[in-house]
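Written below as structure tokens is the structure these notes are about.
Start at 1 and go down the list; that is how both ligands and their atoms are numbered.
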Amino acid sequence: MKYSQDKIKRITTISMFTILVVSIGLLLFLLSYSSNRLQTTAEQTVNESIISHQATLNDEFKTISNYVLSLANSVSEYQVDSSKIHYFLQDQNEIFHFENIYFIDIDETVISATAVEASLPNDFSIKTANSTDSTLVTISEPYTSEVSGAQLLGLHVPIIYNGRMIGAVYAEYSLAPILDRLNTTVYADGFAFIATNSGTPLASTSADATPDYSLSHEAFKSITYTDNAVYRMVTHAPLDINNWNLVLDVNEYQLTQDIRTLSTVLIIFVMGLFAGFWFFLLHLWRGRKRLENAAYYDELTGLPNLTKLKLDMVDVLNHHPNKKYVTVKMDISNFKAINEIFGFSVGDKVLQAFYQTAAIVPEKSFILARVGDDEFIMFAGNNFLEQLDAITDHYESYLKKLVPELENHYLTFNYGRYFIEPGETDVNQIITKTSIAHHTAKGSHSGGIWDYDAKYKEQLLYLAELTNKMDSALDHGEFVPYLQPKFRLNDNALIGAEALVRWIQRDGSMIYPNDFIPLFESNGFILKLDKYILEYICQTLRCWMDAGYNCVPVSVNFSRVHFINPTFVDEILRIVDRYEISHDLIDIEVTETTILDKEEAMATHLVNLRDSGFSVSIDDFGSGYSSLGMLKDFQVDTLKLDRSFFVSETQSEHVDRVVDGVIKLGHSINMNVVAEGVESQEQVEFLKDMDCECAQGYFFAKPMPIAEFNRRYIEQK
Ligand code: C2E
Ligand code: CA
Ligand code: CA
């Protein structure tokens, strides 16, 4: 249990943060990596491309040069027979697809494949071309044909005869097929061109491209430039002829389109992965939070529950062992009645008002937890006690505002308090002691603050012992009803008896009902016990009747707990009828508070009881909620005036008037009035004066065993 909530929170936050940082870092790395990759990939592609184009062009130039060389070789065999040369050239041209082939003799007489006599191509001059090297092919710069407008290259080779140049072969080669081939292999939006060493373009695959750069950078190395915000790459490679260069100019973006798409997909994928991971973590975290909430917090109020309270208390007590702390457990008397009379929504509001009020406590270490229906535990530093009164006052006024239904309702609070010993950290012990103090406050019925006292613990232990023993006690017949007679005042005639349970243990010691009835009411055992007593009484009446005695009605006490049982009346009928007891011999006593508690169920049950022929008495009338008005709604047979009216030695005039009023009221709605706890002759006289017809009390007789009652009253009749 000794782990700290704060620590868990801290660890969670740190790990979440770490994951965030790592994922951002990874993303950045991916981005930079992919941009580097893009760059090198683009360079590689362009490089490979230019190498292959360079080879193609060199091959092409070599091939056509070789053609021209072989042509020149052949022409030299025809000497200067012009018509033979013409036809030869014509044939060759058909094979080699030159634009045109010329033979020029040293006098600049020109024979071409197309005509026997022709003019000089491209201002060719035999004088400047003069050479004795018959293997030398000279290639001109590209020029435009005056005949076809095509871009042409001129290739010429000297013809040597006897060591002298006698003429030359000049072949015009169209650049279009080469450029076309280049064009189709250059990437979209890219172009290639042949340029001089200084970058002057000679022939280009694209007519509109006007490249504007010197080729000062190293061959096969790309440089980048921007053209209208488009990144372009330029690379060049030397060609084998004339110090020319092949230049490639491509759109870098389009070049890397595929890999860019790929890396975008990759990045999106990775980001998606991380987002998914995050959501998963968040989901886990929320789930944990929900679980934690369910495990640690009360649903209605959102306050910590008992488990959470203990955890938090351990934390505080371990961190500040030298500070003084106090725990206070409280509940609202009659909360159950409020719930039942005004409904759960009002009950909820009452609770709400409490925790909202308590929230005003400024104390830092203050913890408020809901530990039961209407039970709260507060834990705080000692100085909090000064605020407790303020909380109570504020609560009451706030409550009346929030729940106007309670305007005329008197609420009491039971506070049990325990001052935690310095160094005491066993929270279970602390809570137990606080609960014991609270239990005492509740038992006092007067509310207020009660402090823990070690002796209360004994009481609780005692109750626990009773709880352990009750079932077997019932089986062993340890619960026995005593009977106390009731008398008519004007002639002292016996008019009935009340059954009052006693727990006579096997060792002969007797436990009185006040010691166990509240316990049995809280643990539900009373439901069994009351029916058991009723059955006992029925059995007794049966015996008396069978023996031919005259019977008197016997009152049996029924706890309020029965009224939530919808088959209550049926169960009573079953018992009474099993012994064939006339219903008018059974009187059901219910306490006055019972009536307020479960109004509707109560009303139906009372009506059913009376319809079945039982009489009904209201017990302890005047002790609790003195709501005389309700008597109109609950038709009963007898009012039992509470013993407390006659307790004080010298009865006050005020009490006399109240008793007088109650008796008159009872009579006015046709009820019998029985005075309980009558102990003296004066009381008897007083009651007679007040027209009270019946009484019960020690003055006449104490409750006694049935056998004794039988002997004293029944057999006599
Ligand atoms: P109650 O129903 O008001 O019963 C009257 C109580 O007053 C009895 O206490 C009785 O012994 C006592 N009493 C009678 N005359 C006098 C008197 O002149 N002076 C004084 N000081 N006391 C007098 P008891 O028998 O101890 O019963 C206590 C309460 O326990 C009862 O109060 C009743 O509420 C409850 N109880 C007793 N038996 C049963 C039972 O079988 N079922 C239920 N549900 N409750 C029972
Ligand atoms: Ca009674
Ligand atoms: Ca009573």
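The six-membered or imidazole ring of F413 lies near that of Y395, with a centre-to-centre distance under 6.0 Å. Taking the six-membered ring for Trp, F516 and F479 have ring centres closer than 6.0 Å.
The distance from the Ca ion (ligand 2) to the nearest N/O/S atom of S617 is not under 3.0 Å.
Note that R502 lies in the cation-pi zone of Y482, set by a 6.0 Å cut-off to the ring centre and a 45° limit from the axis. Both tests pass for K702 against the ring of Y698: distance under 6.0 Å to the centre and angle within 45° of the axis.
In this view, H476 satisfies the ring pair (Phe, Tyr, Trp, His ring centres under 6.0 Å) rule with no residue, not counting sequence neighbours. Legend: residues meeting salt bridge (Lys or Arg N to Asp or Glu O under 4.0 Å) with E424, ordered by chain and number and at least two apart, are K433.
Residues S615 and H583 have side chains not in contact (no heavy-atom distance under 4.5 Å, counting atoms from C-beta outward).
A donor-acceptor contact closer than 3.5 angstrom is absent between the side chains of K329 and T434.
The set of protein atoms (N, O or S) found at less than 3.0 Å from the Ca ion (ligand 3) reads D619 OD1, D620 OD1, E676 OE1, E676 OE2, by chain and number.
In E299, the CD atom is not crowded: 12 or fewer heavy atoms of neighbouring residues, nucleotides or ligands sit closer than 6.0 Å. No more than 12 heavy atoms of other residues, nucleotides or ligands lie within 6.0 Å of NZ in K457, so this atom counts as exposed by the packing criterion.
Near ligand 1, Q484, E498, L500, V501, R502, P513, N514, I517, I526, D530, I533, N557, S559, D619, D620, R643, E676, G677, V678, E679, G697, Y698, P703 each place a heavy atom less than 4.0 angstrom from the ligand.
Checked against the Ca ion (ligand 2), the N, O or S atom of E498 at the shortest distance is OE2.
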